[in-house]
Amino acid sequence: MSGIGWDKMDWPKDIPCRNITIYGFCKKEKEGCPFKHDSNDYTNVKAPTSAYGENSNSSFNPLVSSNTGSSTPKFNAKTSASFTPMSAKTSSFVPLNSGSTNGIGSVAEPSWLSAVPQPSYVSPTYNPYATGSFTPSSSAGNPLNPMGITPPDPATDFNLPIANTATAMSIGQLPQADTDAKVNLPIMYPPMHSLLQYHLYAPDPPPHLRASLRPNERMVQDLFIPNELREQLVKRNLASLQIFPLGGAIPSVVQDYFGLVPLDFNKNSGKKDSFMGHKNSLYKVFSNVDGKVYLLRRIHLVANLEPSYISKTFHAWNNVDCNNVVKLVDLFLTTQFGDSSLCAVYDFYPMANSLYEDHFVNFPLKPITQEYLWSYLVQLCNALNAVHSQGLVVDILDLHKVIVTGSPGRIKIADCGPLDVLKAGKMRDITAEQQESFVKLGKLLIELATKLGPEGGAQTESVDNLVVDERFKDVLKYLVSDKPKSVTELTFMFHSKIFSVIDSSLAYAEYTEGVLSKELENGRLFRLICKLNFIYGRMEQRIDVNWSESGEKFPILLFYDYVFHQVDASGKNIMDLTHVLRCLNKLDAGVGEKVALVTPDEMNCIIVSYKELRDLIDITFRMLCQ
């Protein structure tokens, strides 16, 4: 290149010099380098000589440009001694090493760096609620919103229904009923990056791609819990552990409960939201007594009541032990919400929907069949029998207060108890109200039966026009009639249908036990794998003679490779889950079967039993724990 005139070439003048990009400066710049140089940022930098060259200057800072017009720190790879973290608010830097030692893992500090003032570093305290939320943007600076979620306007979209506890809360502000305090919430809580990515799990192959298996053969999916059931349980767990930002109108602690998470923002006045004209709210709470998750129903603006009424009602409903009635756990008055509120605490069933949501609102709609109607009838009769035997009444029995908690169509009556407190001191005819409960049950079943048949079923509530069998029509006519009714007389009309409901419940119980048996040994094998990984691959094994080929612990290394690092004759890796499970089970049981462990170079072979390997692993693990 000596014969080429660099100053006469025009094509590279707009191309940035790679020396500037890589090293921070170009030593050929003054000798006629034809590429583009940023003279304002790099021509005034002078290198110190105490450690690297000429022109030493004790006050020189290699991370800050000498251009006095800008305080932006500049990086110079040639003059910088080591990486030094910068403060977020100033251009001063904080060195990692305060002294200059030449020990292992240390870097000698240049003399020119020691003269620079060293500010003391104070670790910042992170506050997740005070920190601004991250808003992703495109390369053009436009904010991204892949979900298409628009936060509602607090002035217009004040009533935002959230019917499911697992539904992400897309709200802008909390409804302020008792205070003017406002709290700004994220667009989605919890954020999307914290939700489990279900698509990362290996799905079951489609039916047309499943290989035909012999009776003694099984696929990997057959060894573990089915994907649909696993995903359903994981979503329930996620809904149970959901939290909410602190502050705003929601108190942090109410009686013995904390971590309140609003579940229902529908404030429209309606039958399903009325407790004798009182507004109500629904929260998920954590108990400070046993740590479990519960459901708290708050009834607003309740006048002071006699504690004896509350105590009597609580003990009466707490004694109702029925799988088709949501159990009342606690009942009390509180002023933590800014008014006198009546709070009823129940068992929490995550991902539970009401019958109205399951069959009329949610997508896809769950179709109503004749079997579902008989199952609902049997379960609701069981609930009425348990409540009436305690001398109590189910005050609210409609599609909104009967929740579906699981398969196959398991339902429970919710929100029992608070109305008894609100009616305290009034004259009540318990027998007449119990008779009214049968009429409410009949109307509920008629409303469900209207969804049967083609095109959504009959549009009339006349029993004779419903697309159901004659026996079910006779039951409905009995329920809505004016004659005295009892649970015993009612169940006698469809006693044969009870057997099918019991049979389906037992079949589902056996299915869940079978699924649980697949996961029975997972904890034992997981502990064994953890023990092996605690032992395998430690740094001290490289210098310890006990782990050498002639050492007593060398069989552990060979066994680990034998289990997890198998290769075939051509050197291709083998991923055989059956081989791993077989070896780990034999190791955990300590069988007397012997196994041949060969070194990778195939020059040495050790024959040892699984019992000897287990004893050796146990001894090694105990030594690590000391």
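All heavy atoms count here, side chains included; hydrogens, waters and symmetry mates do not.
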Item to complete: Run the numbers on Ile413 and Val326 for side chain to side chain contact (heavy atoms under 4.5 Å, CB included), then give the verdict.
Response: CA-CA 6 Å; Ile413 300 178; Val326 180; over 6 Å; no
Under a 4.5 Å cut-off applied to non-hydrogen side-chain atoms, are [X] and [Y] in contact?
| X | Y | result |
| --- | --- | --- |
| Asn573 | Gln566 | no |
| Val289 | Tyr257 | no |
| Leu525 | Asn585 | yes |
| Leu490 | Val487 | no |
| Val421 | Val302 | no |
| Cys343 | Leu331 | no |

Sequence neighbours left out, what passes salt bridge (Lys or Arg N to Asp or Glu O under 4.0 Å) with [X]? Give chain and number order.
| X | value |
| --- | --- |
| Lys423 | Asp395 |
| Asp256 | none |
| Arg471 | none |
| Lys440 | none |

Worksheet item: Which of parallel (below 30°), tilted (30 to 60°) and perpendicular (above 60°) describes Phe360 and Tyr356?
Response: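 The rings of Phe360 and Tyr356 lie parallel, inter-plane angle below 30°.
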Residues two or more places apart in sequence or in another chain: which of them pass side chain to side chain donor-acceptor pair (under 3.5 Å) with [X]?
| X | answer |
| --- | --- |
| Gln379 | Asn324, Ser375 |
| Ser287 | Asp290 |
| Arg582 | none |
| Ser212 | none |

Taking all atoms of both residues into account, what is the closest heavy-atom pair of [X] and [Y], and its distance?
| X | Y | result |
| --- | --- | --- |
| Val325 | Cys416 | CG1-SG, 4.4 Å |
| Pro418 | Leu342 | O-CD2, 4.1 Å |
| Val253 | Phe258 | CG2-CB, 4.2 Å |
| Val393 | Trp317 | O-CZ2, 3.3 Å |
| Gln390 | Val320 | CG-CG2, 3.9 Å |
| Ile403 | Ala352 | CD1-CB, 4.4 Å |

Item to complete: Given side chain to side chain donor-acceptor pair (under 3.5 Å), test Asp330 with Tyr346 step by step and report yes or no.
Response: CA-CA 7 Å; Asp330 200 356; Tyr346 302 93; over 6 Å; no
Among residues at least two apart in sequence or on other chains, which ones pass side chain to side chain contact (heavy atoms under 4.5 Å, CB included) with [X]?
| X | value |
| --- | --- |
| Asn323 | Lys412 |
| Leu241 | Asn237 |
| Ile225 | Leu229, Arg230, Leu233, Val515, Glu519 |

Worksheet item: Is there any ring pair (Phe, Tyr, Trp, His ring centres under 6.0 Å) pair reaching into residues 495-526, and which pairs are they, with sequence neighbours excluded?
Response: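 Listed by first then second residue: Phe492-His495.
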Item to complete: Could you tell me whether the side chains of Asn280 and Arg298 share a donor-acceptor contact shorter than 3.5 Å?
Response: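 Short answer, no.
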Has the side chain of [X] got a donor or acceptor atom that lies under 3.5 Å from a matching backbone atom of [Y]?
| X | Y | answer |
| --- | --- | --- |
| Glu447 | Leu444 | no |
| Gln255 | Thr334 | no |
| Lys284 | Ser240 | yes |
| Asn319 | His315 | yes |
| Ser504 | Val501 | yes |
| Asp358 | Ser354 | no |
| Asn385 | Cys381 | no |
| His300 | His278 | no |

Item to complete: Before accepting this row, confirm whether a basic side-chain N of the pair Lys531/Asp588 lies closer than 4.0 Å to the acidic partner's carboxylate O.
Response: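 Between Asp588 and Lys531 there is no salt bridge, as every charged N stays at least 4.0 Å from the carboxylate O atoms.
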Worksheet item: Do Lys401 and Asp415 meet the salt-bridge criterion of a basic N to acidic O distance under 4.0 Å?
Response: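 Yes, Asp415 and Lys401 are salt-bridged.
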Practice prompt. Report the C-alpha distance between Leu260 and Phe337 in whole Å, list the side-chain angles of each, state the deciding distance to 0.1 Å, and finish with yes or no for side chain to side chain contact (heavy atoms under 4.5 Å, CB included).
Written response: CA-CA 12 Å; Leu260 279 71; Phe337 293 94; 3.7 Å; yes
Practice prompt. Assert yes or no for the condition that the ring centre distance of Tyr294 to Phe348 is strictly below 6.0 Å.
Written response: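 Not under 6.0 Å, so no.
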Worksheet item: Does the ring center of Phe438 lie less than 6.0 Å from the ring center of His388?
Response: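 Yes; His388 has its ring centre under 6.0 Å from that of Phe438.
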Worksheet entry | Test applied, side-chain contact (heavy atoms from CB on, under 4.5 Å); reference residue, His359; option that passes from Asn353, Leu399, Leu365, Ile368 |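 Filter result, single survivor: Ile368.
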Practice prompt. In sequence, state the C-alpha distance, the side-chain angles, and the governing distance for Trp374 and Phe494, and then conclude on side chain to side chain contact (heavy atoms under 4.5 Å, CB included).
Written response: CA-CA 9 Å; Trp374 284 117; Phe494 58 90; 3.4 Å; yes
Worksheet item: Is it true that the NZ or CZ of Lys518 lies under 6.0 Å from the centre of Phe224's six-membered ring and within 45 degrees of the ring axis?
Response: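 No, Lys518 does not lie over the aromatic ring of Phe224.
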Fill in: Atom pair CZ (Phe621) and CD1 (Ile535), whose distance is rounded to the nearest 0.5 Å
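Interatomic distance, Phe621 CZ to Ile535 CD1, rounded to 0.5 Å: 7.0 Å.
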Discussion item. Apply side chain to side chain contact (heavy atoms under 4.5 Å, CB included) to residues Asp347 and Leu295 and explain how you reach the verdict.
Written reply: CA-CA 6 Å; Asp347 288 336; Leu295 191 73; over 6 Å; no
